[in-house]
Structures are given as structure tokens and as C-alpha cells.
Trainee: 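Mind looking over this structure? Questions follow.
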Protein chains: 2
Amino acid sequence: MPRISLYPFSRILSVLWMSLALHTLANAYDGLVEKQIFTMPTYTTESGRTLKEVKVGYETYGKLNAAKDNAILITHFFSGSSHAAGKYKVEERAPGYWDTIIGSGKAFDTDKYFVISSDTLVNLNVKDPNTTTTGPASIDPDTGKPYGMSFPVVNVRDFVNIQKALLDKFDIKKLAAVAGPSGGGAQALQWAVTYPDMVSRTIAVIPFGIELHPYAVAEILLWSMPIMLDPKWNNGDYYGKEEPIVGLTHALRVTTFSAVSPAWAEQKFSRRWAVGNPLEAFSNDYAVDAGLIAAGQSRAKVVDANHFLYTVKAYQQFSIDADLVKLKSPVLLIPAASDLLFPPERSQRAAQKIRATGNYAEVFILEGDGGHLDGLTRIVQATKVIDAFLKRPVTAKK
Amino acid sequence: MPRISLYPFSRILSVLWMSLALHTLANAYDGLVEKQIFTMPTYTTESGRTLKEVKVGYETYGKLNAAKDNAILITHFFSGSSHAAGKYKVEERAPGYWDTIIGSGKAFDTDKYFVISSDTLVNLNVKDPNTTTTGPASIDPDTGKPYGMSFPVVNVRDFVNIQKALLDKFDIKKLAAVAGPSGGGAQALQWAVTYPDMVSRTIAVIPFGIELHPYAVAEILLWSMPIMLDPKWNNGDYYGKEEPIVGLTHALRVTTFSAVSPAWAEQKFSRRWAVGNPLEAFSNDYAVDAGLIAAGQSRAKVVDANHFLYTVKAYQQFSIDADLVKLKSPVLLIPAASDLLFPPERSQRAAQKIRATGNYAEVFILEGDGGHLDGLTRIVQATKVIDAFLKRPVTAKK
């Protein structure tokens, strides 16, 4: 089968994910973290399908108080999981993705708050033993086989409904805050309008805005395209067969490209060749191309292709424009200055729309040249702003 | 073979190319245009391969004067051709891509200048009867079969060398100017440093800068990726067989995405569905996705997949950084304000580098929200600036 050759890169490590990991090494959430599993006997999706034994993983940091009013829900980004802080084992290389702002004395202070973070439905990282999710790769209890494409299309409201059921288990009636980066910001905003009586404050980091802009609707479906071009995808029917790993690798390559920045490409790779002079052979690529493909390869090991496609579909549908009138709590939007995927003006426009409903909205822009990923790697800049926002009195309407 | 379904869109026309076409209807270059063919018996590429019977098409507008010093060379963009102005037949829908600035009384005034525009090597539009080029789809005179991937990798210096030979045929010793948009701007700048004694002035519109930024190196190879994922690409060996039309369609879809803008997506499509509610079926896409795929389908009819890949490879190599010291004429850079592919700051940085060589550089920014394509659709804004630049005295160094 003709294929794009994948680089045998021992030299170029998965630079991107390394850089995400290394910056927080010295500063991890103190306690060891344990992944737990939440099961719903049945869940009826927004599209009307009733699924049995829906499971998602979750983690908690800090302690729920007696009044059960100190919980903060953390919602994860597109390719992320509920591993937002801490380590599973002391010897692990890196803690969860937002460890710089979750922990004792940090923005989300675990001495004060009970922080709970959950995996979404159709989470990408099916093959990561620390992720639990339900989606096309899950066994349908009715057939004993993977759902595949018979799994219903879901959306961000479904993600939020499952989280609501998880909080019900803890008897949490009101969240001190809900917060998340990127797709997690979409979930947070969805929370604020779907369960307005349960949300005291919303923090959306590197957010879409109040809907996924049509340009981004197009961009994120480009991420899916390589999977659908891979013959091994086989219209989603590949379980127990060879998986569409090449398409998935390139899907994750494109996703990574959307999340980085010109400065990232310049600083990590410049115009260096991967191996030989591109003039001398068609297969001689540039280092930046090889680096993105290597990042895709590295990530593909734990990702299920159909879950990737379903997550894209879920986020494409995100819009709370029509529901914004239901909002009754303040919102903090934290875009990143160099984010090309969701530029800061989308947050500014969202803030205007939120203010027009009579609610408080604040925008704080992360400085940096790392693109969308600055919402993970540079979030510590927002520590004081988040702290002040969490102390802000909550009123029904501003 | 599992495939992304292609939309049977009679409703959604190729909106993008329509919009390019319509704005110039009322205003075409007066004379009818005739495509001509230039043949070189042999050409030795920058990589050292000698090719026989190298052909490219060209068009001319206006008349070469007796002194042969009134020629302006127009160099075309990535997916373009030498059809820069006028119509082949009166009844044609649209004139060449820069008709608003080429013609009697226009920025490139054909009452005064002899404008010559040539197809590049490895031009995409092999199946367009009005494009002539040499590349992988051409018959190798030594074998009687298409070159396929045995065609040597070429670069922008090769494009320019062929154009130089074309100008030699006309006995043109010095160009009044060389000008082109996007990849054509790269060619124009390559001209200025490769044949500095032949260039009086350079105009690079929506240009890369003085090199293709590593971030753009990565982005344009993403355009190629869908072709290389299509099994029918067959490592470039598809002539006389089924062609990789699906991969090519998606390659042109991604290319189009890079050239448009958020405002384009918002204004043409908003968040409308293509057909049904995306929550109800996995195959229900948004109108913006369907529109981009339809644009890709429409364009794919005249494009050869290998030529696409070779053109990407050629532009990836573009850098005149090391040769900038050879420049000895003024440069006008015309980026577009909303261009996400080559943002205006790349032009500003290029201008600084050019000024550091002691040469004159000027930057004029096209206003608009159409993205990269504003370099075609809104170029008329630059009429006065181009006119003044063409009248500017030329000095060896400023």
C-alpha cells in the first residue's frame, strides 16, 4: 500500500509533548493521584439514544467540605484527559496538564477547594490505561462488540450531562467554579447555560468563544480528514483488524500544527532539513515537517481514530449563542495572545455578548508566542486573576 | 474502497473561484489574449538534471518597444497560471486573475508597458488546455512515458531560469519590473537576486517574505498530505490508471482553507448545516466544510496530483536570505491585512532586511477581511502605489 513514509526518529523526540511536560517538573501537586471510574447504568444522549453502562474516568485533588460547596470542576481539552494535576507515581516524568495552577497554594488551591476533573465521552486516549471513556471503541453491552460508527453522534451537552451525573454522586449542588482550556472551555461555558443554578463562576481558557466559529468548524474537520482517507479506517469498522494508524498519525500532525505557532516552528526547527537536501530527493523533508509527523506518531499510540472523529463532531456543534440568556454567573475568559486557532478577539466578542445579558465578563490575555498551547504551558500567568475571580462575590445577575 | 463522500453540490457552487471571477467582469483587459508556447531544447535544473524539450506557456499584453526596455514580467501564484489578464474569448465568464491592474490605464498600463506572464515548471493546471508546463505528467522524450516521480525536484530558481530564457528570446535585457502574488512574489524576489542586472524593480504581493517561514513550510506540506494518503497516488505512478482524485480534492480543500479567512467563512456560510443536523448523523457536515470540499472538487478537474506535490516542494525551498546581498534594485511589498498564511509582519521583516542591504523597500498593506486571497481580489487598492513605484528612479543602491 503506498504510504507516506513515517520517520524513524530516535533523534527528534516528540518535542511538543516533551515541552508540555518538562516545565512543570519541579512543581507538582503534592499528593499522588488515583484515577477513579464513574459508571452510569444508562444515559440518554442529546440525540435520543439510550446507552448502557456509560463509564468515564475522573480524578480529584483536595477535599470536599461538609457543606459540599467548595468543588471546582475541571474540564479537559480536545486531546486531553482528566489528568489535570499531580502524578500517579512519584517517579513519573510529568504531572497533569494544569499542575501549575492546581495544588496547595496555587490558583485552584487544593487546601481550600475540592477539584474534580473528568474524562469526556468519546475521549481520544482510549489506549491510555489512565483514561476511561465510552465511545465507538467501547463494547456495546447489547452486542458484545465495539459500537464503531453505530455509536450516536454526541456533543458538548452530552459531555456536560455526564459530568452533572458524576457531581450528583458526590451530592454537589453548586460548583464554586467550572474551568477548562480549549474544548474544556467550551464545556465550562456549556455548563454555565445548561445548569446555571449549579455554576457560581466559569473560567474558559483559550476558549472558542460562545460558539465554534465557522472558520474553526472547517479547520477542525481538516484534522479528521486524514483518518477518513486511510483505507484502513474502513468507514469506522476496524476493530479487531489493522487500525488506520497512518491516517491517525497525520490527523494528530495537523491537530498539533493548529495548536503551535510560527515562533514554535522557528525556535524548535528553523528551516533545517530533516535529513538530506530537499532539492536532491522528493522524500527529503524539512525538520519541522518531520517533527510534526513524529509528534503525530507519538500521540497516535494511545488514540482511537473513531474517538478522534467523534470528538471533532462534538466540538463542531458547540454554540451557546441561543442559550446565553440562561447564564446567571460571572465568566472569566483567558485567551492566549499568539493563539491562531482561537484568537483573543473571539474572547473579546464573547465577553461583549455575555455583558449584554447583564452578567459580568472579564478577559485576561496570556502573553507568549507559543500559540494555542500557551493555554497549558503559560497558564500560571493567570494565577492572580483566577484567584481574584474566585473571590469575586457571585450575584444572580451583575 | 472507503472514502470521504464527495458532496453532490449543484447548490453550492465553487463559491471561492466564483468570487474571484465575478469582481472583474466589467473591467477586462481590452484585447483578446492568446496563449503562446515557449520551448527550450534542453534545460539543466538546479539539481543538475538535463531535461529535453522543456515547454511553458506564456501570454503578453501591450507591445514591446524598440528599446526593449518596457517589459514587465508577471509571475503567477501557487495554483495559478500565466493567465493574468484579459480573456481568450469575448464570451468568457472572467478575465485573468490580475485584470484589475493589467490593461490600458491600469497600474500595469499596457499602453506603456509590455507585460509578459509565464507558466511555471510543474504548474498544477496540466489539464487546463490554456496552461502549458513541464513536469511529472509530461512525456519524457527519452522513454516516451510520463516522467512521474523520476522528474527531478525543482525550485523557484528553476522557475526563474526558464523565464530568463523566455525573455532572452525577446532580447529583453532589462525588466522595468517583475511582479507577482504569493508564490509569484517569491519568484519576483528570486529574480531580483538571481538576475540583479536584469531587474529594475520588484513588486511582491502577499509575499512569503525573503524566505518561506518554517511554520509555512509545515503548512504547505499539509496541503500535499491528502494526495500522499490516497492509495491511488501509488507513489506517483498513476498515469494511465485511476488518478488520486479524492486525495487531490482534499489537497485543494486544505489549500483553499489556507487562502481564505474567518470573515470568508462567516459571510459565505456562517454555522449553517450542509444538509441535515450534524447531531443526527455522522455524515451531516456543516456548509463551510461542504463548500471547501466543493471548491476542491471543482479545482481538481484540471490539476495533476504530482505537479501539486512538486510545486509544494519548490516553494518549501524558497529562501533568498543568503543571496540578499546581490540585490540592487528597489522592492515594493504588498501584503494583505487579513492574510493568515503570510501575515503582513513577514513583509515588514523582509523590508527591514532589504533596507539593511542599502536598497529601498516599501510596504503597502491591502485592507480587507478576505485573507490571503485579497492579494488577488483587492489588489486594485494598490494601483497608485504601484504606479508611483514604477515611476521611482532606479539607483544601483539607494
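The sequence lines fix the lettering, A, B, ..., with proteins before strands; numbering per chain opens at 1. Since the model is a prediction, treat every value here as computed from it, not as a measurement.
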Trainee: For chain A, which of B:G247, B:G48, B:A265, B:P152 has the most heavy-atom pairs under 4.5 Å?
Mentor: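 Maximum pair count with chain A is reached by B:A265.
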Trainee: Would you mind checking which part of B:L279 comes under 4.5 Å of any heavy atom in chain A, side chain (CB onward), backbone (N, CA, C, O), both or neither?
Mentor: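 For B:L279, heavy atoms of backbone and side chain both lie under 4.5 Å from chain A.
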Trainee: Examine whether an atom of B:A314 lies under 4.5 Å from a heavy atom of chain A, and if so say whether it belongs to the side chain, the backbone or both; otherwise answer neither.
Mentor: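 Neither the backbone nor the side chain of B:A314 comes within 4.5 Å of chain A.
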Trainee: In this structure, is the centre-to-centre distance between the rings of A:F269 and B:Y215 below 6.0 Å?
Mentor: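 When the ring centroids of B:Y215 and A:F269 are compared, they turn out to be at least 6.0 Å apart.
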Trainee: Tell me which one of B:D323, B:V160, B:I210 satisfies side-chain contact (heavy atoms from CB on, under 4.5 Å) with B:V193.
Mentor: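 In the set B:D323, B:V160, B:I210, the residue that makes a side-chain contact (heavy atoms from CB on, under 4.5 Å) with B:V193 is B:D323.
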Trainee: What option among A:S47, A:P262, A:A281, A:A216 has the most heavy-atom pairs under 4.5 Å with chain B?
Mentor: A:P262
Trainee: At their closest point, which heavy atom of B:N306 faces which heavy atom of B:G236, and how far apart are they?
Mentor: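 Scanning both residues, the minimum pair turns out to be ND2-O, 2.9 Å.
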Trainee: Are the aromatic ring centres of A:Y310 and B:F282 under 6.0 angstrom apart?
Mentor: yes
Trainee: Distance-only, no hydrogens or angles: does the B:H372 side chain make a donor-acceptor pair with backbone N or O of B:S258 under 3.5 Å?
Mentor: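 No, because the side chain of B:H372 does not come within donor-acceptor range (under 3.5 Å) of the backbone of B:S258.
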Trainee: Any idea which of A:L212, A:V254, A:V154 has the most non-hydrogen atom pairs under 4.5 angstrom with chain B?
Mentor: A:L212
Trainee: Fit a plane to each ring of B:W223 and B:F78, take the angle between them on a 0 to 90° scale, and name the class: parallel (under 30°), tilted (30 to 60°) or perpendicular (over 60°).
Mentor: perpendicular
Trainee: Spell out, as yes or no, whether a donor-acceptor pair under 3.5 Å connects the side chain of A:Y238 to the backbone of A:A305.
Mentor: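 At least one qualifying donor-acceptor pair exists.
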Trainee: If only side-chain N and O atoms count, and only distance matters, is there a donor-acceptor pair under 3.5 Å linking B:Y286 with A:Q317?
Mentor: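 Judged by distance alone, the side chains do not pair up.
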Trainee: Just give me the residue among B:L309, B:L292, B:N277 that pairs up with chain A most often, heavy atom to heavy atom, under 4.5 Å.
Mentor: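 Between B:L309, B:L292, B:N277, the count favours B:L309.
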Trainee: Please check if the side chain of B:T311 supplies one atom and the backbone of B:V122 the other of a donor-acceptor pair under 3.5 Å.
Mentor: yes
Trainee: By a 4.5 Å heavy-atom criterion (distance strictly below it), what part of A:S261 contacts chain B: side chain, backbone, both, or neither?
Mentor: backbone
Trainee: Sort by residue number and list every member of residues 338-350 of chain A having a non-hydrogen atom under 4.5 Å from chain B.
Mentor: A:L340, A:R346
Trainee: Among B:E219, B:M149, B:E46, which residue forms the greatest number of heavy-atom pairs with chain A at distances under 4.5 Å?
Mentor: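 Winner by heavy-atom pair count: B:E219.
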Trainee: Do B:D158 side-chain atoms and B:T45 backbone N/O form a donor-acceptor pair below 3.5 Å?
Mentor: no
Trainee: Mind ranking A:R49, A:R271, A:K313 by heavy-atom pairs under 4.5 Å with chain B and telling me who comes out on top?
Mentor: A:R271
